[in-house]
Amino acid sequence: MAVSQQYPNMNHKRKRQPDKPAQNPLQAKRIKLLETRKHLPIWPKQSAIHTALAHHDVLILSGETGSGKSTQIPQFLLDQPYCKPRKGCAGKIAVTQPRRVAAISLARRVAEEMGSPLGSASPGSRVGYSVRFDENTSPGTRIKYLTEGMLLQEILRDGALGEYGCVVVDEVHERSVNVDLLLGFLRGLVRGKRKGGLKVVVMSATAEVEALAKFFDESAGETEAMIGGEGEVPQVTDESGRDDDEVSWNGFEDPDEASQGTGAINGTHNAVASSPTQSARIYVEGRQYPVTTKYLDTPADELEEAALQRIFALHTKEPLPGDILVFLPGQDRIHSLQTLVEEFAQSLPPDIPKLQVLPLFAALPQNQQQRIFQPAPPRTRKVILSTNIAETSVTVPGVRFVVDTGLVKIKQFRTRLGLESLLVKPISRSSADQRQGRAGREAPGQCHRLYTKSAYDALESHSAPEILRCDLASALLTLKARGIADPLNFSFLTPPPLSALQKALLHLLHLSALSTTGSLTPTGRQLSRLPLTPALARVVLEAAKPSLNCLHPIIDIVAALSVENLWLNPDTEEGRERAAEARQALMSREGDHLTLLAAVRGYVAEASDRRRWAEAHMISHRAMQSVMDVRKQLLAQCQRADLFRHQDTVAAETTSSTTMELSQTEPILRSLLAGFAAHTARLCPDGSYKTFVGNQTVGIHPGSVLQGRKVEGIVFSEFVYTTRAWARNVSVVRLGWVGEVLG
DNA sequence: AACAGTAAT
């Protein structure tokens, strides 16, 4: 949760302090902020929280937007006995966040509230943060905000997390894969009675406390998470078992029932002094303005049409100020609604304020995304057409009206087919409520749902946690590398189907990350250290072999593959033609991977103005900057792992890109095959491509440079199902090479 | 003509 989300009134006018002897400005700020802190809903709960953690190892804290929990809880805990340095434990506090920006902005805010410098600014700084590419801590750090992934990395170094006396896990209701893995590890540490003791605070929006309490409280039985031991697991076999791709998830209990559990503490001193393994619960209310919610009487035939009507009804009836935020499933429908609204806006009578339509989605170039933060021209209402990016990741200012189509695009991994599908689906009730809340951040608001009340009631209470929707190979490798001998019996908050776990183990076996007995191989250990999917990490290791000798170009390609949306996606026909022309010089006949390599090399070689180079090639400068970060990190890690020892570095650095293509194309494509042997297809007489493994028909994605080409074989690093099965990021391979890797 | 929800190591 971003700081700005928790402090709707953060920009209130500050009272001038009476004149005092010269004061440290950090302390002056701290004293001013203290007044604001005292008015947060969480403030009066401080003693209840202390009592709860004095008697329990686990506290489940539920509270909605505006309670102040993300900033205040760590400060409340700081002077408690379990946050004192002691034998086997440095007593620090870790606070995990699902997003980097949230970790950074919360750390910044808490440092201000504590009157402390931030991170490495001073050795005495008591607040820091740690996110990928940006570690900002000092020897004095007592409170560390970090992303979930960073804490998992710390578990790799120290399975007991001896640095911390308390771990606070925030935004658990979002149920990212990483938070689910962390909860399993933390449960193991608390139950395993870690040396020095460990307190865990799990923070969530209200609904799921019952399931969380059960997870931490239920007797361990036979499925304890074991850290530090590498044992035997059942034989990995090729039988895929029953097909349960279509997982239905029951969700959590009703919030009303959940708050009435046996261990509940309702904000007073009545802590239940039961076994410390029993978790405590505290509920804290949020702080939001009221939002009036309206439904359709009958389902809409055409959503864009219904949205258009609602937007114009609001615009003509409601006085300014008050912008409109519309939730749509994807870029295409945002664009079509934008066209409709802009056409209609031209027919508005001159006495009515103007409309400014602003699209918002992650792939949108940064400068266009920034437009939502700029004030509209006078007598103009903004209409923001957004994907679910505005649900949690971006807070749009000025919104008083939300229009919700009730749809979202969801990625689901299909275990049996080995592909991801990206499909438009109805949102969950909690998602609908989250969207509704976006209307009440600055003033009382309205939410207009473009579906009926009964449709809302029929929605799933929560969306399925990511761990039920993703390829589990990466998660299982994470578990194995952190000493979980038998990941099939790991304590998952929501255990994935056995068939999905087995399929992932098999994939890891094929990548030589696991042995046939299921133990982690030296290769598997190396793969787990790279910040890549197991398949891409395997490609990197393959390229480092002396026989292939192409680590430098493979790092460039892999870095580009692990970043989304390198190519800008114009929304007009003319734009698409311009883009094709701009990219002509980078295009490789060998496919998308060598085209990506040419793009990365071109950008690296550009000495004067890289932003202009990116714009001229219709490439996202922001994406390219992250490619540079990933590339740098991979180069450093490969250096540290001594993977460059067999590499001909002189040749890689001095050869021009064209010469390189001739000499290194084959080893590059062969390296890709080592990670993506199952993502290969051959050309059939009817002109279609069919996969070698599974014999499925697959189309070359319209965005590929190989689109429309007929070659004997292809390898692809992404396999997605949308309107049909598509191969994305595709390269040309010889049938003989595929035969070699498939045996 | 077809196509890309959102995070993260």
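Note that this is a predicted model, so its numbers are computed, not measured. The analysis underlying the following values was restricted to heavy atoms, covering all of them including side chains, and did not include hydrogens, waters or symmetry mates. Each chain gets a letter, A, B and so on, in the order the sequences are listed, and its residues count up from 1.
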*Of all the choices, B:dC3, B:dG5, B:dT9, which nucleotide is nearest to the side chain of A:Arg576 once you look at every atom?*
B:dC3
*Taking ring pair (Phe, Tyr, Trp, His ring centres under 6.0 Å) as the test, write out the residues that go with A:Phe716, two or more places apart.*
A:His679, A:Phe719
*Report the distance from atom CG of A:Asp170 to atom P of B:dA8, rounded to the nearest whole Å.*
15 Å
*From B:dT6, B:dC3, B:dA8, pick the nucleotide closest to the side chain of A:Arg99?*
B:dA8
*Would you say B:dC3 has OP1 or OP2 under 4.0 Å from some side-chain N or O of A:Arg724?*
no
*asked:* Of the listed nucleotides (B:dA7, B:dT9, B:dA2), which one gets closest to any side-chain atom of A:Trp726?
replied: B:dA2
*Determine the contact category for A:Leu422: base if any of its heavy atoms lies under 4.0 Å from a base atom, sugar-phosphate if only primed atoms, P, OP1 or OP2 are that close, otherwise nothing.*
base
*Could you tell me whether A:Thr387 contacts a base, only the sugar-phosphate backbone, or nothing, with contacts defined as non-hydrogen atoms closer than 4.0 Å?*
sugar-phosphate
_Basic-acidic side-chain contact under 4.0 Å: A:Glu154, A:Lys144_ = yes
*Look at all strands and tell whether A:Asn569 reaches a base, only sugar-phosphate, or nothing, counting heavy atoms closer than 4.0 Å.*
base
*Let me know the distance between CZ of A:Arg435 and P of B:dG5, rounded to the nearest Å.*
13 Å
*Below 4.0 Å: OP1/OP2 of B:dG5 and any side-chain N or O of A:Gln331*: yes
_Using whole Å, what does the distance between atom C1' of nucleotide B:dT9 and atom CD of A:Gln97 come to?_
16 Å
_Can you tell me which nucleotide in B:dC3, B:dT9, B:dG5 comes closest to the side chain of A:Thr723?_
B:dC3
*Taking atom P of B:dT9 as reference, at what distance in whole Å does atom CD of A:Glu466 sit?*
13 Å
*For A:Leu152, report the nucleic acid contact type (base, sugar-phosphate, nothing); a contact means any heavy atom under 4.0 Å.*
nothing
_Distance check needed: B:dT9 P versus A:Leu181 CG, whole Å only._
14 Å
_Proximal nucleotide (of B:dA7, B:dT9, B:dG5) relative to the A:Gln153 side chain_ = B:dT9
*asked:* Tell me the interatomic distance from A:Phe185, atom CZ, to B:dT9, atom C1', rounded to whole angstroms.
replied: 14 Å
*Less than 4.0 Å between a side-chain N and a carboxylate O, is that true for A:Glu174 and A:Arg99?*
yes
*From B:dT6, B:dT9, B:dC3, pick the nucleotide closest to the side chain of A:Val131?*
B:dT9
*Does A:Gln707 make a side-chain donor-acceptor contact with the base of B:dA2, cut-off 3.5 Å?*
yes
*A:Arg469, nearest nucleotide to its side chain (from B:dC3, B:dG5, B:dA8)*: B:dG5
*asked:* What is the distance, to the nearest angstrom, from the CD atom on A:Glu420 to the C1' atom on B:dG5?
replied: 12 Å
_Closest to side chain of A:Phe361, choosing from B:dA7, B:dT6, B:dA2_ = B:dT6
*Considering only B:dA2, B:dG5, B:dA8, which nucleotide approaches the side chain of A:Lys409 most closely?*
B:dG5
*Is the closest basic N to carboxylate O distance between A:Arg469 and A:Glu466 below 4.0 Å?*
no
_Taking the minimum atom-to-atom distance to the side chain of A:Arg100, which one of B:dT6, B:dA8, B:dA2 wins?_
B:dA8
*Does the side chain of A:Ser176 get closer than 4.0 angstrom to OP1 or OP2 of B:dA8 through an N or O atom?*
no
_Which residues share a side-chain hydrogen bond (donor to acceptor under 3.5 Å, both in side chains) with A:Ser512, sequence neighbours left out_ = none
*Taking NZ from A:Lys425 and P from B:dT6, how many angstroms apart are they, rounded to a whole number?*
18 Å
*Would one find more than 12 heavy atoms of other residues, nucleotides or ligands at under 6.0 Å from atom CD of A:Glu574?*
no
